[in-house]
Amino acid sequence: MVEPISPEERKSGNGLLKAVFVLLVTASAGLIVLQAGSTTAELLAALAGGFVFSLLLMWYVVRILSGLSTGPTTERRNRR
């Protein structure tokens with residue numbers, strides 16, 4: 001029988017998923033600029049912009065998805 005995911009495993013998995021998401025969006029911005037034949041300064045600027053954008057996008061997605069969650073954390077949040 002498969003047991004449910006422990007809170008520690010869920011937190012670890014969520015952290016890994018967030019890190020991969022940030023890395024993917026940041027790398028995407030850098031690769032687009034590389035294809036355009038950019039300088040090093042432009043590449044670094046694109047990576048920094050991609051990193052900031054990925055953090056903002058992740059914040060937004062997590063905020064939206066937390067409202068859709070039906071787990072125990074939602075019940076606790078709704079009691080407040």
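Please read these numbers as outputs of a predicted model, since none were measured by experiment.
No chain of hydrophobic side-chain contacts below 4.5 Å, direct or via other Ile, Leu, Val, Met, Phe, Trp or Tyr residues, connects Leu31 to Val33. Linking Ile, Leu, Val, Met, Phe, Trp and Tyr residues whenever their side-chain heavy atoms come within less than 4.5 Å leaves Met58 and Leu56 in two separate clusters. Phe51 and Leu47 end up in different hydrophobic clusters when Ile, Leu, Val, Met, Phe, Trp and Tyr side chains are linked at under 4.5 Å.
Put simply, CZ on Phe21 and CG on Asn14 are 13.5 Å apart, with the number rounded to the nearest 0.5 Å. Rounding to the nearest 0.5 angstrom, the gap separating the CD atom in Glu42 from the CG atom in Leu34 is 10.5 Å. Considering CD of Glu3 and CD of Glu9, their distance stands at 9.5 Å, rounded to 0.5 Å. With values rounded to the nearest 0.5 angstrom, Ile32 atom CD1 is found 11.5 Å from Ser38 atom OG. The CG atom of Leu17 sits 11.0 Å away from atom OG of Ser12, with the distance rounded to the nearest 0.5 Å.
Under the 4.5 angstrom side-chain criterion for Ile, Leu, Val, Met, Phe, Trp and Tyr, the cluster partners of Leu16 are Val20.
Pairing each heavy atom of Arg10 with each of Ile5, the nearest pair is N-CG2, 3.5 Å. Closest of all the heavy-atom pairs between Ser54 and Thr26 is OG-OG1, 3.6 Å. When all heavy atoms of Ala29 and Ala46 are compared, the closest pair comes out as CB-O, 3.6 Å.
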request  = In sequence, state the C-alpha distance, the side-chain angles, and the governing distance for Leu43 and Thr39, and then conclude on side-chain contact (heavy atoms from CB on, under 4.5 Å).
outcome  = CA-CA 6 Å; Leu43 174 63; Thr39 65; over 6 Å; no

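Looking at heavy atoms from C-beta onward, Tyr60 lies in side-chain contact with Ile64 at the 4.5 angstrom threshold. Counting only heavy atoms from C-beta outward, the side chains of Val61 and Leu65 approach each other to under 4.5 Å. Proximity of Lys18 to Val62: side-chain heavy atoms (C-beta onward) are separated by under 4.5 Å at one or more points.
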